[in-house]
J.: 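The structure under discussion is supplied below as structure tokens; questions concerning it will follow.
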Amino acid sequence: AEVGVDLGGRRIRKKRIASRFIREDEKVSVESGDEIYALLLHWSAKETMFKLMEDEAVDFIDHLHILPFAPKESGTFHACEYRSGQEKKFLIHYDTHPDYVLTFACWE
């Protein structure tokens, strides 16, 4: 099976560029008040989707949508894409650590 993988470090800059990858209809759930963690998890998940799609023309806002979920230490959540015209679904797996998050995506 094909898989997209991303390892994202905790960097404060994600908050400053959130408008470039968070859709207006995406609800970023904040765990324990850690908005940077929640943004990093969304960014990393979208990176895995992008890698799995293998399409340089993918736009993180227009083409990738993360469905609502409550972040935990590790788990899964769902997402979909709007680039292919097929609205393919993704299952995103994630694991968190104090310094980074690891995400990997596969097609549902």
J.: Restricting to non-hydrogen atoms, name the atom on I66 and the atom on A45 that form the minimum distance, rounded to 0.1 Å.
T.: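 Distance-wise, the nearest heavy atoms are CD1-CB, 3.6 Å.
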J.: Report the distance from atom OG1 of T103 to atom CG of L7, rounding to the nearest 0.5 Å.
T.: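 Those atoms lie 8.5 Å apart.
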J.: Determine, stepwise, if the pair L64 / M53 fulfils side-chain contact (heavy atoms from CB on, under 4.5 Å).
T.: CA-CA 10 Å; L64 304 178; M53 291 176 69; 3.7 Å; yes
J.: Would a 4.5 Å heavy-atom cut-off, applied to side chains only, mark L91 and H93 as touching?
T.: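 Yes. Closest side-chain heavy atoms under 4.5 Å.
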J.: Return the minimal non-hydrogen interatomic distance between Y37 and P71, and the atom names on each side.
T.: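 Heavy atoms of Y37 and P71 come nearest at CE2-CB, 3.7 Å.
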J.: Examine V5 and M49 and state if one hydrophobic cluster contains both, with Ile, Leu, Val, Met, Phe, Trp and Tyr joined whenever side-chain heavy atoms are less than 4.5 Å apart.
T.: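 Different clusters: V5 never reaches M49 through Ile, Leu, Val, Met, Phe, Trp or Tyr contacts under 4.5 Å.
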J.: Hey, are the side chains of T48 and I92 touching, using non-hydrogen atoms and a 4.5 Å cut-off?
T.: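 Yes. Closest side-chain heavy atoms under 4.5 Å.
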J.: Same hydrophobic cluster for F104 and V101, using side-chain heavy-atom links shorter than 4.5 Å among ILVMFWY?
T.: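 No: no chain of side-chain contacts under 4.5 Å links F104 to V101.
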J.: State, yes or no, whether a side-chain contact exists between I22 and L39 at a heavy-atom distance under 4.5 Å.
T.: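 I22 vs L39: side chains touch.
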J.: Are E81 and K46 close enough for a salt bridge, meaning some N to O gap below 4.0 Å?
T.: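 No salt bridge links E81 with K46.
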J.: Keeping T96 on the side-chain end and E73 on the backbone end, is there a donor-acceptor pair under 3.5 Å?
T.: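 Yes, because the side chain of T96 sits within donor-acceptor range (under 3.5 Å) of the backbone of E73.
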J.: Strictly under 6.0 Å, is that where the ring centroids of F69 and H42 end up?
T.: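 Yes - the distance between ring centres of F69 and H42 falls below the 6.0 Å cut-off.
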J.: Using a 4.5 Å cut-off on heavy atoms from C-beta on, say whether the side chain of Y94 contacts that of L102.
T.: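 No. Closest side-chain heavy atoms not under 4.5 Å.
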J.: Do H65 and F60 come within less than 4.5 Å of each other through their side chains, counting heavy atoms only?
T.: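 In short, these two side chains do not touch, never coming nearer than 4.5 Å.
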J.: Could you grab the distance from atom CZ of F77 to atom CG of L41, nearest 0.5 Å is fine?
T.: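 Going from CZ on F77 over to CG on L41, the span is 4.5 Å.
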J.: Side chains of D62 and Y82: does their closest heavy-atom pair fall under 4.5 Å?
T.: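 A side-chain contact under 4.5 Å is absent here.
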J.: Can you check side chain to side chain donor-acceptor pair (under 3.5 Å) on S44 and D6, steps first, answer last?
T.: CA-CA 6 Å; S44 185; D6 187 67; 2.8 Å; yes
J.: With rounding to the nearest 0.5 Å, note down the distance linking CG in D59 to CZ in F50.
T.: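 Going from the CG atom of D59 to the CZ atom of F50 covers 10.5 Å.
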J.: Less than 6.0 angstrom from the centroid, inside 45 degrees of the normal: does K89 satisfy that with respect to the ring of W107?
T.: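 No, cation not above the ring by the 6.0 Å, 45° rule.
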J.: When rounded to the nearest 0.5 angstrom, what is the spacing between CD1 in I61 and CD in E24?
T.: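 Going from the CD1 atom of I61 to the CD atom of E24 covers 8.5 Å.
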